[in-house]
Amino acid sequence: MTAETLQRRLLGGGLVALLVAAGLLTLDGAGATLNQFIVGWLAAGGALLVVAGLQTRFPLGVVTLGWPKLAAAGLAILSIGSSTVGFLQLFVAPVGWGLLNGILAVLAALVLALGALECWLGGVLLDEDLFAVD
């Protein structure tokens, strides 16, 4: 895998998150506070992943961030949101499909958190050259 491949995958994941947010906003609306939270969480994380997938460096005021830091922030936002939704699901419906949905959301949060750490630290389990910014 190359850095370009990883950036394309981040772009794809960000676009999927933005499409899901747009779909939820269109189908359910933004009336309930929980819907606003979920749509905002998906939109913020997806937007950061899209930017990380499209640009190598992102100017932020007087600092320039590389794409791995942006990807780490986007993945962390998605991880925190997924764990929150998963734990809420476990509290609301702790049996049957609710239990399964909650467990899957918490496991997805774990995977996203590990990806965020990998991007932030610049290659612990993956090759360091993968996260090099030109």
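Since this is a predicted model, take the numbers as computed values, not measurements. The residues of the chain are indexed from 1 along the displayed sequence.
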As a quick check of understanding, evaluate side chain to side chain contact (heavy atoms under 4.5 Å, CB included) for K69 and W120, giving each step before the final call.
CA-CA 6 Å; K69 301 297 183 190; W120 186 263; 3.6 Å; yes
Atom [atom1] in [X], atom [atom2] in [Y]: separation rounded to 0.5 Å?
| X | Y | atom1 | atom2 | answer |
| --- | --- | --- | --- | --- |
| E4 | T56 | CD | OG1 | 8.0 Å |
| L48 | L10 | CG | CG | 11.0 Å |
| T84 | I38 | OG1 | CD1 | 10.0 Å |

ILVMFWY cluster, [X] and [Y] together (side-chain gap under 4.5 Å):
| X | Y | answer |
| --- | --- | --- |
| I80 | V39 | no |
| L11 | L49 | no |
| L104 | V16 | no |
| L60 | L70 | yes |
| F37 | L25 | yes |

For [X] and [Y], which heavy atoms make the closest approach, and how far apart are they?
| X | Y | value |
| --- | --- | --- |
| A43 | L18 | O-CD2, 3.6 Å |
| A17 | G46 | CB-CA, 3.8 Å |
| C119 | L75 | SG-CD1, 4.2 Å |
| S82 | A109 | OG-N, 3.6 Å |
| A21 | L42 | CB-CB, 3.7 Å |

Is W41 reaching over with its side chain to a backbone N or O of L78, donor-acceptor style, under 3.5 angstrom?
yes
Quick check against the 3.5 Å criterion: does Q7 have a side-chain atom that pairs as donor or acceptor with the backbone of L54?
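Checking the backbone N and O of L54 against the side chain of Q7, no donor-acceptor pair under 3.5 Å is found.
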Apart from I103 itself, residues in the same hydrophobic cluster as defined by side-chain heavy atoms under 4.5 Å:
F87, L90, L99, V106, L107
Option among L114, L117, L112 that satisfies the side-chain contact (heavy atoms from CB on, under 4.5 Å) test with S79:
L112
